[in-house]
Amino acid sequence: MRSSLGAVCALAVLATALSAGCQNAPGGVDENGRPAGQRTVTVSPSPIRTSGYGAVFLGIDECSSFGRTSFTEVSCTGERAAARVVARHDGTVRDGPRCPATTDFVLHISEQRPASDEDGDGAVPRGYACMRNLQPPHPGDPGGGGGPRTIVGDCVRGLDDGQVRETACDGEGEQRPEYRVTEAVDARSRCPASTTLYVRLGGSSPVGCAGPV
C-alpha cells in the first residue's frame with residue numbers, strides 16, 4: 001500500500017564505553033526522552049487507500065523506499081524499494097524487543113488515525129520496524145560502522161566526553177577506528193586479559209570486550 005510513515009526516525013548508532021568505571025552507558029536518552037543521536041523525519045499518511053502490500057503497515061518482509069525526508073511502504077519488486085523489514089514490533093524501542101544484530105537502521109512509527117489505513121480500522125499503531133538494506137552497504141554488519149546495535153566485530157573510536165562512537169573497521173569512515181569488539185560476555189571478569197575497553201552491548205551478553213585495532 002502507499003501509506004506513509006508519521007514521524008519516522010532513522011536511528012543512528014551510538015555505543016558508549018564503560019572504561020575505568022566512570023563512563024556513561026550507551027543507548028541513553030536526550031532531554032526530550034529520545035534515544036541519543038537519533039534523527040527525526042516527519043511525513044504524513046496517505047489519505048487514500050490503494051492496493052495493500054500486507055495487513056500491517058511495514059510488516060515483516062515488506063519494503064520501504066528511501067528519501068531524505070520521508071519513507072513510504074512500496075512493493076519489494078519495484079524500482080523504489082530500498083530496504084526490507086526484518087522485524088516489526090509495537091510500542092517503543094526502549095520498551096520493546098531488540099532488533100536483529102545486523103539491522104541497518106530502525107524506522108520509528110508514530111501512532112496515526114488517518115481516514116483510511118492498511119486494515120481499514122482507521123489507525124496505524126505506534127511501533128518500530130527493523131530494516132535491512134536490499135543492496136550494500138550494510139552498516140549493521142560486523143565492522144560496517146553503523147546500525148542501531150554494536151556487536152562483536154564492530155569498531156569504535158573514543159570521543160572527548162568519555163563515550164565512544166562506532167566507526168567502520170576498514171578506516172573508510174569519517175573517523176579511523178581505535179578499538180574492535182572481540183567478544184560479548186555477561187561480566188567484565190570474563191573478558192580476556194588483553195581487553196582495554198568495555199563496551200555496553202545490552203542483551204544476555206551485555207559486556208563487549210574490546211582491544212586496540
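By convention here, the first residue in the shown sequence is residue 1.
- Linking ILVMFWY side-chain heavy atoms closer than 4.5 Å, directly or via other members, places Ile109 and Phe66 in a single hydrophobic cluster.
- To the nearest 0.5 Å, atoms CD (Glu62) and CZ (Phe57) are separated by 9.0 Å.
- A donor-acceptor distance shorter than 3.5 angstrom exists from the side chain of Asp104 to the backbone of Gly140, with no hydrogens or angles considered.
- One distance of note links CG of Asp90 with CG of Asp95; it measures 12.5 Å at 0.5 Å rounding.
- With rounding to the nearest 0.5 angstrom, the OG1 atom of Thr92 is 8.0 Å from the CZ atom of Arg94.
- Distance check: Leu58 CG to Thr72 OG1 gives 9.0 Å after rounding to the nearest 0.5 Å.
- Counting heavy atoms from C-beta outward, Cys63 and Arg84 have side chains that approach closer than 4.5 Å.
- Thr103 places none of its side-chain heavy atoms less than 4.5 Å from the side chain of Arg149.
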Distance-only check: which donor-acceptor pairs under 3.5 Å involve side-chain atoms of residues 201-213, not counting sequence neighbours?
none

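- Nearest heavy atom pair, residue Ala87 against residue Val85, reads O-CG1, 3.3 Å.
- Between Thr182 and Val152, the closest heavy-atom pair is O-CG1, 3.5 Å.
- Proximity of Val199 to Asp154: side-chain heavy atoms (C-beta onward) are nowhere separated by under 4.5 Å.
- Evaluation of the salt bridge (Lys or Arg N to Asp or Glu O under 4.0 Å) test over residues 170-186, restricted to residues two or more places apart or in two chains, returns Arg157-Glu178, Asp186-Arg190.
- Using a distance-only test at 3.5 Å, with no hydrogens or angles considered, no donor-acceptor pair links the side chain of Arg165 to the main chain of Leu159.
- Nearest heavy atom pair, residue Ala82 against residue Ser65, reads CB-C, 4.2 Å.
- To the nearest 0.5 Å, atoms CZ (Arg88) and CG (Asp61) are separated by 13.5 Å.
- No side-chain donor-acceptor contact under 3.5 Å links Asn133 and His138.
- Closest non-hydrogen pair, Cys76 versus Ala81, comes out as O-CB, 3.7 Å.
- Residues that satisfy the ring pair (Phe, Tyr, Trp, His ring centres under 6.0 Å) test with Tyr128, not counting sequence neighbours, are His89.
- Taking all atoms of both residues into account, the shortest heavy-atom contact from Thr195 to Cys191 is OG1-CB, 3.4 Å.
- A 4.5 Å side-chain heavy-atom check between Asp141 and Arg132 finds at least one atom pair inside the cut-off.
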